[in-house]
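Lettering follows sequence order; numbering is per chain, from 1. The figures here come from the full heavy-atom set of this structure, side chains too, leaving out hydrogens, waters and symmetry mates. Model, not experiment: these values are computed from the prediction.
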Protein chains: 4
Amino acid sequence: MSVKLVVIGGGSSYTPEIIEGVIRRFDSLPITEISLVDIEEGKDKLIVIANLAKRMIEKSGKTIQLSWTLDRRQALKNADFVSTQIRVGGLNAREKDERIPLKHGFIGQETNGAGGIMKAFRTIPILLELAEDVHEICPNAWIINFTNPAGIVTEALLKHSAHKKVIGVCNIPFNMIHSTAEILNADPSQVKIEFVGMNHFVFGQRVFVDGINRTDEVLTSLARENLDYSPANIVSLGWSKGFINSMKLLPNPYHQYYYQTTDILSKDKEALKEHGTRAEIVKNLEKSLFTIYSNKDLNVKPKELEERGGAFYSDVACSLIDSIYNNKEDIQTVNTFNDGAIAELPNDSVIEANCLITKNGPKPIAIGSLPAQVKGDILQMKSFEELVILASISGDYNQAYQAFIANPLIKDERKVKSLLDELLCAHKECLPQFNKGGKGNE
Amino acid sequence: MSVKLVVIGGGSSYTPEIIEGVIRRFDSLPITEISLVDIEEGKDKLIVIANLAKRMIEKSGKTIQLSWTLDRRQALKNADFVSTQIRVGGLNAREKDERIPLKHGFIGQETNGAGGIMKAFRTIPILLELAEDVHEICPNAWIINFTNPAGIVTEALLKHSAHKKVIGVCNIPFNMIHSTAEILNADPSQVKIEFVGMNHFVFGQRVFVDGINRTDEVLTSLARENLDYSPANIVSLGWSKGFINSMKLLPNPYHQYYYQTTDILSKDKEALKEHGTRAEIVKNLEKSLFTIYSNKDLNVKPKELEERGGAFYSDVACSLIDSIYNNKEDIQTVNTFNDGAIAELPNDSVIEANCLITKNGPKPIAIGSLPAQVKGDILQMKSFEELVILASISGDYNQAYQAFIANPLIKDERKVKSLLDELLCAHKECLPQFNKGGKGNE
Amino acid sequence: MSVKLVVIGGGSSYTPEIIEGVIRRFDSLPITEISLVDIEEGKDKLIVIANLAKRMIEKSGKTIQLSWTLDRRQALKNADFVSTQIRVGGLNAREKDERIPLKHGFIGQETNGAGGIMKAFRTIPILLELAEDVHEICPNAWIINFTNPAGIVTEALLKHSAHKKVIGVCNIPFNMIHSTAEILNADPSQVKIEFVGMNHFVFGQRVFVDGINRTDEVLTSLARENLDYSPANIVSLGWSKGFINSMKLLPNPYHQYYYQTTDILSKDKEALKEHGTRAEIVKNLEKSLFTIYSNKDLNVKPKELEERGGAFYSDVACSLIDSIYNNKEDIQTVNTFNDGAIAELPNDSVIEANCLITKNGPKPIAIGSLPAQVKGDILQMKSFEELVILASISGDYNQAYQAFIANPLIKDERKVKSLLDELLCAHKECLPQFNKGGKGNE
Amino acid sequence: MSVKLVVIGGGSSYTPEIIEGVIRRFDSLPITEISLVDIEEGKDKLIVIANLAKRMIEKSGKTIQLSWTLDRRQALKNADFVSTQIRVGGLNAREKDERIPLKHGFIGQETNGAGGIMKAFRTIPILLELAEDVHEICPNAWIINFTNPAGIVTEALLKHSAHKKVIGVCNIPFNMIHSTAEILNADPSQVKIEFVGMNHFVFGQRVFVDGINRTDEVLTSLARENLDYSPANIVSLGWSKGFINSMKLLPNPYHQYYYQTTDILSKDKEALKEHGTRAEIVKNLEKSLFTIYSNKDLNVKPKELEERGGAFYSDVACSLIDSIYNNKEDIQTVNTFNDGAIAELPNDSVIEANCLITKNGPKPIAIGSLPAQVKGDILQMKSFEELVILASISGDYNQAYQAFIANPLIKDERKVKSLLDELLCAHKECLPQFNKGGKGNE
Ligand SMILES: [Mn+2]
Ligand SMILES: [Mn+2]
Ligand SMILES: [Mn+2]
Ligand SMILES: [Mn+2]
């Protein structure tokens with residue numbers, strides 16, 4: 001048996017993680033062919049990555065054939081799995097997503113608030129095209145979507161492309177399990193969290209270690225102010241005792257944007273003054289990473305990669321591919337159709353849920369009713385996501401406006417228009433759907 | 001035929017409106033007995049009102065027997081309709097509802113935000129007792145609930161008391177129809193608005209004049225910045241063109257708290273400095289009203305009453321009583337069980353909806369799906385309301401905390417505890433359910 | 001103002017009822033133009049009807065211009081209302097619908113069981129074409145669908161055509177109100193029944209006379225065995241005391257097919273032996289009706305018409321048109337989108353419900369949850385209806401089979417195939433969608 | 001670690017299966033204490049079983065302490081698992097369930113139709129008492145309910161007792177997997193069926209062998225007329241080719257009662273004439289089984305037991321207990337709360353579904369929408385089940401009547417009363433809730 005993996009956005013600095021994950025799992029998951037795909041603008045980085053990957057494979061002694069190409073359709077031939085990790089407009093676009101909202105008095109963030117919406121607007125049309133290519137060229141392949149906002153993008157693909165084998169992944173549930181395991185002094189493999197919600201808005205309802213409910217211990221730990229269990233890319237302010245004690249749920253690091261809005265906004269404004277946006281930091285990180293990657297003696301994933309926020313991302317993806325390929329029937333937390341798991345959401349909403357993973361993809365474990373204390377917030381966010389998807393596809397100015405109003409970080413109708421207009425203008429080149437001529441933001 | 005009306009909170013300055021409404025409709029709606037009920041603390045005002053009411057009746061020549069009492073259960077005997085317009089804790093409590101949140105950086109308002117929550121906490125247990133009395137003493141009587149937050153209170157009564165004949169009323173839909181009629185140069189009786197949502201969070205979806213859809217004209221008018229169609233008690237900033245054009249819905253005046261939060265907060269802070277809270281203004285208004293009322297030559301509803309926010313309130317209530325009594329089968333906008341009218345809400349959610357009014361009470365006209373652009377906001381508000389009701393009844397500190405977090409005007413977990421704690425403490429005497437000893441806000 | 005009505009199936013023997021209704025309401029509802037449309041095969045009858053209609057109009061002295069045509073698209077120009085009362089395949093098809101099922105041991109009936117399914121299969125594609133014509137030629141016109149199975153046909157049009165102004169009507173609710181009024185010795189205009197369900201499967205939940213609940217009296221009367229309140233075309237066996245007492249609902253006459261299946265089947269078999277199917281009786285009725293219609297001295301609706309089952313049908317339709325045209329905002333019982341009125345059904349299910357009738361069409365009064373005692377039966381019938389619609393459009397043999405299995409009068413998998421195959425074969429000419437070649441009932 | 005199992009109905013002829021299952025799994029599932037409980041009337045059989053069980057344990061060499069008692073509350077002390085396999089009224093009651101309906105022209109069956117309803121009426125009150133005992137005495141114990149109608153009984157316990165650790169089991173899914181494995185020449189452990197529905201009304205949607213979809217092969221085999229994959233207690237007529245080909249679902253053996261009603265009824269009537277009811281056959285089977293059991297040399301489960309219908313029942317139960325005890329996180333098909341798994345059913349409906357089994361019990365895998373072709377039938381059966389539960393608890397005659405009407409095997413309102421009345425009378429002693437004096441079937 002042999003498996004072909006195509007990496008869309010292969011020139012990403014994260015790719016060495018995937019390569020390492022593939023090598024490590026080779027005996028149970030025989031990925032014998034990897035094709036790294038990127039666009040013309042990313043060619044130089046793609047070649048650096050491809051060369052590093054080849055050195056890693058050579059060192060491993062595994063019989064994996066690795067190639068790179070700018071011809072996506074060619075690469076898709078015979079693919080079994082297609083991972084996507086693209087950034088439309090690059091880090092420059094991210095910088096705008098972060099800077100412009102701050103200027104208007106809103107949190108600038110790449111997956112939440114106005115920045116996240118713009119990223120969705122830029123990304124969804126591109127990935128819908130990819131999904132159509134996959135459906136035509138390798139209809140049995142699974143798309144494993146890493147690209148943020150991962151939940152929204154996955155829902156857009158599952159609802160609006162013909163290709164229905166799409167799974168979204170994020171490292172947040174994985175991180176939460178690991179942090180919780182640390183709190184409980186347990187092995188992560190023993191820890192199960194009952195997740196509920198959507199990507200970057202997921203809560204933990206209960207924590208089990210070997211089937212024993214130990215939620216209270218975890219909550220008690222979290223309520224000790226400032227306990228930090230966030231990934232590298234999110235600086236946490238910690239959760240207040242009152243919040244944890246009253247809500248009785250494990251928040252995820254992104255919840256700070258929604259429940260600590262004022263403080264985060266202040267912090268972000270200060271940080272901007274001091275050292276620019278996260279995009280600019282990442283640009284430097286990337287520069288040094290690629291310098292390291294270019295070293296022809298390097299033949300392993302360098303430790304520096306872990307400082308990027310996406311650590312474990314590829315672990316998550318490789319585990320998922322492994323379970324699909326081997327029909328493992330284990331439980332992993334991924335983004336897929338709700339199919340009734342959360343009673344208050346439609347079947348075709350995408351949720352981040354504990355799923356049984358089989359050769360036929362993920363099926364969520366039924367959750368039942370949303371917890372009352374966050375039911376409204378979850379429904380509100382899901383409704384916001386739906387508006388983002390509609391606007392991403394239609395390019396309709398009014399729908400974009402509605403998505404902005406529906407976002408709890410924006411909502412302020414007296415400031416939306418200037419914010420939206422500046423963002424649409426700044427990202428003009430990446431938003432052809434909003435510039436079909438004629439109508440628009442008069 | 002003869003009808004008995006009991007007015008709970010009969011000492012309210014609004015009562016002369018009801019008396020006038022009853023007199024005006026006497027020929028079709030023979031209310032021959034009115035009992036004004038209040039509590040010991042309100043006895044003086046009650047007597048002033050009762051005397052004015054008697055003079056008004058005398059002048060009208062109608063055979064209406066009016067009495068006042070502090071004995072609620074006695075008054076309820078043989079009642080057909082029971083209207084409620086109480087203010088637990090009086091204007092002093094309202095002042096706290098307005099001042100304390102502002103101090104913590106939140107909008108202080110008596111039906112929205114932290115103030116509205118506290119008002120619900122104080123009011124719901126008292127009105128649940130009333131409902132049980134009604135159910136025991138005059139089980140066929142309809143409770144017409146004016147008391148704010150009217151939607152939440154009505155849902156609490158309908159869900160948690162044995163008495164199921166409860167209808168909530170508000171003058172906002174009535175005002176919106178009148179303002180819209182003015183915009184369209186039409187008679188209010190010709191104008192129909194398709195409302196969707198809940199009390200103080202209701203939107204107009206479409207406007208019809210004699211069955212002709214004239215929504216666009218109304219939206220165009222509203223989009224002209226600063227068009228004011230708010231009642232006397234709400235100073236409006238006007239809606240931005242972009243908001244109206246993109247949302248394509250008629251907001252109600254209370255929506256400014258949710259969609260213009262920052263500006264309203266600034267305005268309220270300034271107003272506080274300049275002339276105190278609205279409670280304090282109302283205290284003065286009330287003082288002069290009662291001076292006027294005490295004038296023994298006054299035998300009509302004085303014009304000054306209209307400067308209070310509740311103008312038309314009694315029109316709304318008397319129309320409702322009229323249609324019930326006469327089985328009119330007309331359409332009025334009231335608060336009642338959803339019963340499927342909004343597909344996304346449970347049957348036992350209370351919504352503010354166009355209803356067919358019969359002798360058997362209101363039945364909403366089916367609405368179908370919530371408009372996508374506000375679906376999330378409406379579901380979020382409803383979920384918030386559910387938490388308020390639960391906490392109002394249980395007196396559970398954590399549920400109160402959850403209600404605060406779920407309110408879109410609060411939400412900030414780093415400030416909730418001090419805000420909540422100060423409010424619970426300030427209103428201690430009106431919140432026995434939160435002070436059952438032992439547990440609570442340690 | 002002037003209104004144009006187009007009658008599709010104008011050659012129907014029912015048309016004189018409509019003409020009479022139009023004449024009677026002329027002062028409030030100025031239908032000044034009527035176009036009777038039929039197909040080539042019906043031309044002779046169409047001319048007879050048109051001539052009678054002209055004599056009726058002349059006698060009335062109203063300025064109504066009546067014409068007939070075989071050119072449907074021509075007739076639709078400037079139409080305001082389009083009524084449909086067609087019978088694809090004529091009474092010969094009906095005879096097959098009745099005879100063939102009986103031969104296989106099933107009830108043969110034209111709107112229920114196998115016969116009703118076949119009628120839907122023949123009718124839906126034809127009326128979908130009509131709806132598309134209407135949408136193109138007179139997009140503001142309302143289609144008033146009389147054609148049976150009226151509920152299923154209406155749902156098919158509302159779901160599957162671009163034209164959304166479609167209302168289905170039936171005389172059953174009208175009859176139930178009249179029979180109930182008789183039972184209660186009240187005027188039908190005072191009687192309101194709370195209906196729940198779908199066309200020909202609608203129940204009455206509560207009966208009000210001038211707003212007073214008198215359900216129990218009605219149930220007591222119905223429980224007196226053999227009380228007959230069925231229309232002329234349905235011979236009733238009466239309902240057992242136990243059934244009425246335990247179910248506490250008013251059944252409609254068609255319910256006998258579902259709750260008295262064995263006895264009705266026996267009765268139908270005997271009737272078949274004695275005097276043939278209902279189709280054959282109707283053929284004779286029609287023959288004599290047209291003889292009467294042809295009498296050039298006849299200038300009124302002849303009394304004999306009432307012996308046909310459809311009495312009051314046109315009353316129902318003319319009332320509906322009147323309320324739409326005059327934006328009456330009254331309550332009528334019609335078939336339209338559920339839009340949440342019944343909480344257990346999707347918004348786009350068509351139900352038969354009490355609706356507010358305005359210029360913008362009908363909006364159901366919210367019903368809430370289905371009554372527990374018939375919830376399952378109603379959901380089962382609705383699911384059956386959905387299968388019929390899918391098969392009507394797709395012409396898929398398996399879907400047709402599924403519809404047969406789902407029908408509670410059939411269900412028997414060991415007999416379905418031969419029944420279905422014989423019916424598909426017998427109606428071959430009227431079922432082009434099932435004969436697209438290739439696939440099908442091998 | 002040690003585990004205590006209490007067997008309610010320990011004198012059942014099935015008990016040796018459980019004993020054997022416990023012995024076989026002893027190494028992974030250390031059930032060290034078994035208490036067999038029965039009632040006075042079953043004492044003799046209980047002693048026979050207990051002695052056989054002791055011999056079996058002795059032979060196995062496992063350290064299992066086995067005892068018997070008539071004192072249920074005593075037995076429950078320290079229980080970890082409580083299995084229930086009772087038959088209220090014994091086989092005599094079953095005989096009535098089978099004979100009386102046949103006399104009235106209806107299928108007489110112990111879990112379907114009128115017989116199944118009566119069994120529910122007799123059983124639910126008794127098991128609700130048990131559940132309350134468990135909740136008081138051993139609140140952490142899981143009730144594993146074997147007792148039929150297992151789905152209805154489980155829903156009754158989960159909805160109406162305080163004890164929420166209740167799981168219903170049936171051998172039908174297990175049998176379907178085994179028969180399917182045979183068809184596909186695969187090992188049962190490799191075969192997964194996606195089940196949808198309720199106990200005894202469950203369908204297989206898709207069949208996977210090692211994750212490969214092989215549904216079509218299975219359907220093709222089933223469509224070969226008369227392929228029998230029924231358990232010993234159900235004589236199958238086989239499914240018609242047309243049914244399998246069109247429905248594209250795997251029926252379960254009990255579906256024959258619903259989709260082959262006429263033929264089964266004829267068969268049952270004939271069988272009755274020839275050799276009495278199934279109850280009578282089982283009486284004889286039981287007699288010989290107990291003779292065998294009494295043989296003091298017997299120390300293994302005798303082969304003859306497999307001729308009873310419940311083969312594998314204990315396999316199902318022991319596997320379930322094993323996975324709970326060991327937190328196995330495997331997938332088993334059991335009866336538990338829907339919790340959204342089937343979008344059309346409420347969270348608190350009990351469904352028979354593939355569940356993840358953990359120490360915290362079963363959680364269904366999300367199913368999404370019901371398959372269109374059986375959606376109506378499943379909803380109808382579920383609604384029927386709800387009526388049965390309500391009547392079981394209330395003892396209300398009208399609700400019992402409604403349950404009879406709602407059952408698709410009965411439904412005939414002209415025969416329900418005499419059928420119901422005779423059954424209520426025949427089972428009078430086991431139905432105290434229907435005989436609380438006063439009201440009832442006048
Ligand atoms: Mn992520
Ligand atoms: Mn109000
Ligand atoms: Mn009809
Ligand atoms: Mn079973």
Side-chain angles (χ1 to χ4, degrees), chain C residues 105 237-249 251 255-256 258-264 344 346 370-387 390 396-408 411-418 420-421 441-442, chain D residues 105 237-249 251 255-256 258-264 344 346 370-387 390 396-408 411-418 420-421 441-442:
Chain C
L237 302 173
W239 296 104
S240 76
K241 198 173 162 179
F243 185 67
I244 299 296
N245 282 347
S246 295
M247 300 298 275
K248 300 190 186 312
L249 292 171
H255 280 131
Q256 63 180 351
Y258 302 97
Y259 298 109
Q260 305 175 341
T261 313
T262 326
D263 288 357
I264 296 288
E344 289 89 351
L370 289 168
Q373 65 271 46
V374 291
K375 181 173 70 174
D377 290 351
I378 288 177
L379 293 175
Q380 209 266 351
M381 282 303 285
K382 177 48 75 184
S383 173
F384 153 72
E385 293 185 359
E386 290 166 0
L387 292 170
L390 288 175
D396 181 82
Y397 179 81
N398 289 336
Q399 280 180 326
Y401 191 104
Q402 292 171 6
F404 270 59
I405 286 286
N407 187 284
K411 234 185 170 176
D412 188 331
E413 65 102 356
R414 301 176 74 79
K415 296 181 186 160
V416 163
K417 190 173 158 41
S418 55
L420 172 58
D421 289 353
N441 47 325
E442 35 59 74
Chain D
L237 301 173
W239 296 102
S240 76
K241 199 173 161 178
F243 184 66
I244 298 296
N245 282 347
S246 295
M247 299 298 274
K248 299 191 186 313
L249 292 171
H255 280 131
Q256 64 180 352
Y258 302 97
Y259 298 110
Q260 305 175 341
T261 313
T262 326
D263 288 357
I264 296 287
E344 290 89 352
L370 289 168
Q373 64 272 44
V374 292
K375 180 175 68 175
D377 291 351
I378 287 176
L379 293 176
Q380 209 267 351
M381 282 301 286
K382 176 48 75 184
S383 173
F384 152 72
E385 293 185 359
E386 291 166 0
L387 293 169
L390 288 176
D396 181 82
Y397 180 81
N398 290 336
Q399 279 180 326
Y401 192 104
Q402 292 172 7
F404 271 58
I405 285 286
N407 187 283
K411 232 184 170 175
D412 188 331
E413 67 101 356
R414 301 175 75 78
K415 297 180 185 161
V416 163
K417 190 173 157 43
S418 55
L420 172 59
D421 290 353
N441 46 323
E442 34 57 79

Inset, instruction - Apply the test side chain to side chain contact (heavy atoms under 4.5 Å, CB included) to residues D:L379 and C:E344: give CA-CA distance (whole Å), side-chain angles for both, the deciding distance (0.1 Å), then the verdict. - result: CA-CA 11 Å; D:L379 293 176; C:E344 289 89 351; over 6 Å; no
Inset, instruction - Carefully, step by step, assess C:F243 and D:V416 under the rule side chain to side chain contact (heavy atoms under 4.5 Å, CB included). - result: CA-CA 8 Å; C:F243 185 67; D:V416 163; over 6 Å; no
Inset, instruction - Assess whether side chain to side chain contact (heavy atoms under 4.5 Å, CB included) is satisfied between C:I405 and D:M247, documenting all intermediate values. - result: CA-CA 9 Å; C:I405 286 286; D:M247 299 298 274; 3.7 Å; yes
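Residues D:Q380 and C:D377 meet the side-chain proximity criterion, which asks for heavy atoms closer than 4.5 Å.
Distance alone, capped at 3.5 Å, places no donor-acceptor pair between the D:Q260 side chain and the C:R414 backbone. Looking at D:E386, its side chain never comes within 3.5 Å of a backbone N or O of C:A372 through a donor-acceptor pair.
Among residues two or more places apart in sequence or in another chain, the side-chain hydrogen bond (donor to acceptor under 3.5 Å, both in side chains) test is passed with C:S246 by D:N398. By the side-chain hydrogen bond (donor to acceptor under 3.5 Å, both in side chains) test, D:Y258 pairs with D:N112, sequence neighbours left out.
There is no contact between C:K382 and chain D, counting heavy-atom distances below 4.5 Å. Only the side chain of C:L387 comes within contact range of chain D, with at least one heavy atom under 4.5 Å from a heavy atom of that chain. Using a 4.5 Å cut-off between heavy atoms, D:F384 does not touch chain C at all.
In plain terms, the two heavy atoms of C:G376 and D:S383 that are nearest each other are N-OG, 3.0 Å. Taking both residues in full, the closest heavy atoms of C:E413 and D:S240 are given as OE1-OG, 2.5 Å, listed atom of the first, atom of the second, then distance. Nearest approach of D:P408 to C:K411, heavy atoms of both residues: CB-NZ, 3.6 Å.
Atom NZ in D:K415 sits 6.0 Å away from atom CG in C:D263 (nearest 0.5 Å).
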